[in-house]
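This report concerns only the one structure given below.
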Amino acid sequence: MAASLSPPRVLLLAVHFAVKSDIQSLAALVAHYPHVLRPELVLRVLLTCLPETLRSTEYVELIKRIEDGDLYEEPDLSIRFDPSSIEDITDAEAAKKTRRLHLLPLAWEHAPAAALQDPVSLFLLHRAHRVDQEAGLLTQLPDLIVPFLQHAPCIRSWTISVLLPLLRRNYEYYPHEPISHTLESFERLDSQEAVGLLLSQTGVREEDLPHVGRDLRGLIGPYIYNEERWSAPVEESSTGDTTNTYRNCPAWDHVLEWLLTQSSVSWKVTVKAFDQWDGPSDVDLGGYGSEWLDDESQGLLEQKFARAALASAYLIPEASVDALTGVNSIITKIAALLDQDHCPTLQVASSLLPPFTQPEDENFISAKSASLMRNGLLEESNYLTTPNSTSTQLLQVLTLSAFILTKAGAPCNVRRAGELAFLQDEREQKAEASRLIRSFSANGPKNDDKYWIRARNELLWLRDWGAEEAYGSTDIRTYGIFGQLKRDFLEIQCLKAFLANTRYSLARSIYEDSPDTPLSTEVLQETVVAAAMEAYDNASNPHRGRGGLLKCDDIIHSFPKTLAETHPASTQIESLLRATHGLSEYRLVLKKGEPFTPVVLRVHTDPVSIIEKVLEQNPKSYTNIQDLLDIGSNMVDAGLLTSDKPAEMKTGANPPSDQHTVTRRRITAMCVDAALTEDDFETAYSYVVNRVASDAEPQITDEYSWKAALQAGKYRRTTRTIKPTHIGTASGNLDIRHLEQRIECLSAAVRIAPPATLQEILNVFRKCEEELNAAIQAEEAQESEWDDRGDQQAMPGAFNSTVPAGVGKGAIRSSRHVEEAPMSLFDLSRASMARAQYNFSALSSLQRSGQSRADDTEGGVDDASGQPRARKRDQLREAAVGTLASGVGWLIGAQPVDRGQERE
């Protein structure tokens with residue numbers, strides 16, 4: 001029956017067996033009719049009619065036999081097949097049916113050129129596409145293709161670069177997120193799209209980070225091993241007469257661009273990529289064979305890989321220890337690729353602080369470098385990312401600089417460190433240095449000297465990257481991220497940090513006791529004083545034994561050689577502390593709800609007025625007048641009362657003595673007013689008599705003393721007035737005693753008041769004197785009435801008979817009146833004039849130079865006017881006497897006299 005089948009019927013029977021997946025019968029038919037079923041026709045029948053869902057293992061042996069040619073050698077005629085399916089078909093009908101079969105050609109539109117002359121290769125590739133496209137059974141294709149990997153290079157290349165990446169991406173690595181591309185559409189993607197799809201899930205989830213290297217090794221590595229992924233050789237002229245040729249791999253460039261993108265959006269992916277993957281030589285081909293690039297192509301990819309690693313470090317935006325540690329791991333990978341020395345960890349490097357100096361023939365530290373950190377990182381002209389030892393070391397010191405700032409609490413990334421170093425902006429560097437030092441203080445162990453020594457070393461290293469210490473010269477140009485800052489500035493900031501954190505012994509050992517002191521004596525003095533005042537200003541408790549004031553005290557005494565106790569700054573700050581501590585003994589609120597803080601005293605425009613607040617808020621505090629006077633004296637010694645008081649503590653000459661006098665008088669006047677406010681006239685009177693009057697020196701005038709005396713003189717007794725506890729020889733009549741004390745206060749006011757105010761004082765004096773006279777007369781009348789009543793009564797012992805004859809009662813009263821009469825206004829005027837005469841010597845002592853000249857030229861002629869010049873002594877006497885005469889002239893009948901006319 002086999003010999004009777006015509007070729008059309010044989011072909012129809014072969015199609016029937018293929019449709020029914022009867023591979024065994026088909027093989028037998030091929031063996032019986034080899035002259036009809038040629039290899040290419042059999043492959044076309046299989047490609048067209050064999051169900052795509054049929055397992056590849058079912059027919060791969062048939063393909064293998066076709067490949068080897070065993071199918072047509074000595075056919076086994078014992079193998080039978082069933083021709084019943086074509087028995088009812090005539091040859092003519094069979095011929096007609098075969099013309100309508102439309103068997104698929106082995107080649108297709110995008111078939112590889114290397115396979116066009118190989119039917120088996122074409123069948124395998126075409127069959128793989130149809131199985132994937134029609135049945136979606138991509139996982140069955142290895143069973144079809146792997147047995148033929150050695151059949152042709154194009155089969156192996158296609159399997160590695162197309163089938164393997166897609167198979168791994170969709171079914172092995174990320175089956176939950178497959179890409180919706182068939183083999184055919186995936187092959188037709190440009191390299192950028194293909195790379196993006198293959199890596200679309202790489203590192204997206206935190207749990208997938210350990211697999212970043214796997215994806216690059218297993219997806220990208222195989223993908224680039226395809227000639228179609230490479231451009232044609234390009235000639236490039238080099239130095240001399242020779243030319244070099246190179247091939248480019250756009251897919252590889254896109255992979256590197258993907259890595260740079262990840263640096264900006266998900267830096268952990270990039271770090272893991274360089275940590276887990278060694279680049280183009282690190283490929284996982286899945287056991288499908290071995291592929292190698294030529295040395296030139298391999299070297300090109302490795303150079304680009306190293307450049308991308310350097311570029312990625314500059315693009316990582318996060319400023320954290322973890323991110324910088326990741327950057328350092330990238331640097332470690334680059335050093336290994338370039339066969340450089342091992343790169344230490346950042347912790348080790350921060351303890352070693354290795355030096356870095358810019359090569360003389362290169363200009364890395366420039367504004368251009370700052371631009372290259374942002375643009376064209378993968379360009380060959382970018383020297384920052386050119387893989388060599390200099391660029392690697394530069395990146396390493398930038399990373400270490402950022403690490404030192406970040407671990408101290410002043411976050412900084414590599415790009416920011418590069419901007420500080422490349423742009424050399426002094427303002428930016430100073431701000432960053434100040435932020436770093438504040439972070440040292442805020443985040444470090446304040447009581448660990450080792451920590452602060454390391455912090456100082458790191459700060460100074462950041463200025464020049466260790467070049468000055470390494471080369472032992474201060475003349476070399478510094479390039480660190482603080483390269484524009486003077487060393488003195490950084491030393492001053494370190495010293496302030498030491499003092500702010502109570503590292504006094506350490507600061508003294510470095511800045512005072514060291515043979516090579518980093519700072520001059522003047523700068524050291526200024527810095528210590530500034531630190532002490534900063535501690536003072538930050539204090540919240542005015543007690544000098546606590547908080548900021550205690551720190552201020554400790555700081556000013558921590559440098560005994562630089563700031564001795566007799567140094568003006570030391571004495572001034574000591575006075576300030578005493579004044580502040582004195583105020584701590586009292587309740588004091590200057591603003592509602594805001595307790596008094598020390599800095600208020602130092603910046604107050606009128607610090608003495610604070611004592612007035614103390615007197616208002618602390619009852620009976622006026623009795624502590626000596627304490628308050630001491631506070632005022634310390635304010636003067638602290639330089640708080642200077643009219644041009646600067647923001648910083650003055651360290652100049654001592655304040656003038658007249659400030660002490662004026663302040664003392666002012667505080668005394670405050671205490672007088674406070675005593676009167678609390679109806680303690682006796683204390684106010686005592687202060688006026690014993691302090692105000694005795695402190696009246698004509699050489700120094702003030703507006704406080706006479707007003708206080710006047711206010712005491714105006715005070716009238718009420719029921720609230722505190723009664724005296726000791727009368728002594730004064731009148732037993734409290735009203736008379738009070739009026740006498742008022743007159744004494746007014747007398748003191750007259751003696752010390754300026755001439756323009758005497759009229760007001762004398763008016764009060766006159767009224768008080770009238771009241772006193774009236775009180776005395778009333779007392780005399782009462783006494784007379786008492787005496788008369790006693791004389792008219794029979795006294796035991798005949799007392800009234802003892803009065804001498806001829807002595808009347810009126811005479812006795814007159815005698816007592818004379819003894820007890822107060823000083824009259826005329827007597828007061830004369831006494832005041834005498835007082836002025838008495839104090840003349842004291843007044844004139846303040847004018848020694850003028851006095852000596854006056855004594856030598858008494859009666860002389862004025863140099864300017866030619867008129868006779870009065871002696872200085874006469875001028876002062878006239879001023880003193882004239883003041884009183886003009887004030888009390890209404891009483892004694894004196895008329896104003898023109899002194900100039902009098903001389904004439």
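Residues: numbered from 1 along the sequence shown.
- Taking both residues in full, the closest heavy atoms of Leu103 and Arg44 are given as O-NH2, 2.7 Å, listed atom of the first, atom of the second, then distance.
- By the 4.0 Å N-to-carboxylate-O rule, Lys333 lies close enough to Asp278 to be salt-bridged with it.
- Checking side-chain atoms of Arg217 against main-chain N and O of Gln276 turns up a donor-acceptor pair under 3.5 Å.
- Shown here for Tyr223 and Ala251, the closest heavy-atom pair between the two residues is CE2-CB, 3.8 Å.
- For the pair Ile179 and Leu166, the minimum side-chain heavy-atom distance is below 4.5 Å.
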Residue pair Lys304, Asp253: steps toward the side-chain contact (heavy atoms from CB on, under 4.5 Å) verdict: CA-CA 8 Å; Lys304 289 188 174 184; Asp253 293 340; 2.9 Å; yes
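- A 6.0 Å sphere centred on CD of Glu172 holds more than 12 heavy atoms belonging to other residues, nucleotides or ligands.
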Stepwise side-chain hydrogen bond (donor to acceptor under 3.5 Å, both in side chains) test for Asp118 and His151: CA-CA 10 Å; Asp118 182 2; His151 173 74; 2.6 Å; yes
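- Remark: the backbone N or O of Glu379 is paired with a side-chain donor or acceptor of Arg307 at under 3.5 angstrom.
- We find that Glu67 and Lys64 are joined by a salt bridge, their nearest charged nitrogen and carboxylate oxygen being less than 4.0 Å apart.
- Minimum interatomic distance between Leu116 and Ala107 (heavy atoms only, all atoms of both residues): CD2-CB, 4.4 Å.
- Rounding to the nearest 0.5 Å places CG of Leu324 at 9.0 Å from CD of Glu318.
- Surrounding NZ of Lys407 are more than 12 heavy atoms belonging to other residues, nucleotides or ligands, all under 6.0 Å away.
- With rounding to the nearest 0.5 Å, the separation of CG in Leu47 from CD in Glu40 is 11.0 Å.
- Side-chain atoms of Thr385 never come within 3.5 Å of backbone atoms of Ala311 as a donor-acceptor pair (strictly under, hydrogens ignored).
- Side chains of His129 and Glu187 form a contact here, defined as non-hydrogen atoms less than 4.5 Å apart.
- Taking OG of Ser389 as the reference point, atom CD1 of Ile334 lies at 12.5 Å (rounded to 0.5 Å).
- Remark: Gln117 CD is loosely packed, at most 12 non-hydrogen atoms of other residues, nucleotides or ligands lying under 6.0 Å away.
- Ring planes of His126 and Trp108: tilted class, angle from 30 to 60°.
- In terms of heavy atoms, Ala308 sits closest to Leu260 at O-CD1, 3.7 Å.
- Among all heavy-atom pairs drawn from Pro142 and Thr139, the shortest one is CD-O, 3.3 Å.
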Trace of the side-chain contact (heavy atoms from CB on, under 4.5 Å) decision for Val414 with Ile316: CA-CA 8 Å; Val414 174; Ile316 293 179; over 6 Å; no
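- Under 3.5 Å, the side chains of Tyr383 and Ser369 contain a donor-acceptor pair of N or O atoms.
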Working for side-chain contact (heavy atoms from CB on, under 4.5 Å), residues Val269 and Trp258: CA-CA 10 Å; Val269 174; Trp258 179 86; 3.7 Å; yes
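- The side-chain heavy atoms of Leu384 and Ser391, taken from C-beta on, include no pair separated by under 4.5 Å.
- The OG1 atom of Thr270 lies 6.5 Å from the CD1 atom of Ile330; values are rounded to the nearest 0.5 Å.
- No donor-acceptor pair under 3.5 Å is formed between the side chain of Arg416 and the backbone N or O of Pro411.
- Asp215 contributes atom CG, which lies 9.5 Å from atom CD of Gln201 (distance to the nearest 0.5 angstrom).
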Salt bridge (Lys or Arg N to Asp or Glu O under 4.0 Å) evaluation trace for Arg188 with Glu184: CA-CA 6 Å; Arg188 294 166 63 180; Glu184 183 179 1; 3.8 Å; yes
Residues Trp292, Gln298; criterion side-chain hydrogen bond (donor to acceptor under 3.5 Å, both in side chains); working and verdict: CA-CA 8 Å; Trp292 294 274; Gln298 183 79 15; over 6 Å; no
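- Heavy atoms of other residues, nucleotides or ligands lying less than 6.0 angstrom from CG of Asp294 number more than 12.
- The pair Arg65-Glu61 does not meet the salt-bridge criterion, since no charged nitrogen lies less than 4.0 angstrom from a carboxylate oxygen.
- Using a 4.5 Å heavy-atom cutoff, the side chains of Leu256 and Trp252 are in contact.
- Leu141 has its side chain out of reach of Leu167: every pair of non-hydrogen atoms, C-beta onward, lies at least 4.5 Å apart.
- In this structure, the side chain of Ser329 engages the main chain of Gly326 through a donor-acceptor pair within 3.5 Å.
- Of all heavy-atom pairs spanning Thr182 and Gln133, the tightest one is CG2-CA, 4.5 Å.
- Taking 4.5 Å as the limit, some side-chain heavy atom of Ile481 sits within range of a side-chain heavy atom of Trp465.
- Not one N or O on the side chain of Asn170 forms a donor-acceptor pair closer than 3.5 Å with the backbone of Ser180.
- A 4.5 Å side-chain heavy-atom check between Glu227 and Ser161 finds every atom pair outside the cut-off.
- Using bins of under 30°, 30° to 60° and over 60° for the plane-to-plane angle, the ring pair Phe274/Phe305 lands in the tilted bin.
- Checked by atom type and distance alone, the side chain of Asp282 never pairs as donor or acceptor with a backbone atom of Trp277 at under 3.5 Å.
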Verdict with reasoning, Leu13 to Phe81, per side-chain contact (heavy atoms from CB on, under 4.5 Å): CA-CA 10 Å; Leu13 188 57; Phe81 54 88; 3.6 Å; yes
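- Both cation-pi conditions hold for Arg214 and Tyr174: the charged atom is under 6.0 angstrom from the six-membered ring centre and inside a 45 degree cone around its axis.
- Side chain of Trp230 to main chain of Ile224: a donor-acceptor pair is present (N/O by atom type, distance under 3.5 Å, no hydrogens or angles).
- Residues Arg169 and Ser200 have side chains that bring a donor and an acceptor to within less than 3.5 angstrom of each other.
- For the atom pair CG (Leu144) and OH (Tyr59), the distance works out to 4.5 Å, reported to the nearest 0.5 Å.
- A donor-acceptor pair under 3.5 Å is formed between the side chain of Thr48 and the backbone N or O of Leu104.
- Arg156 places no side-chain N or O within donor-acceptor distance of the main-chain N or O of Gly289, the cut-off being under 3.5 Å.
- You'll find the side chain of Leu138 reaches within 4.5 Å of the side chain of Leu183, heavy atoms only.
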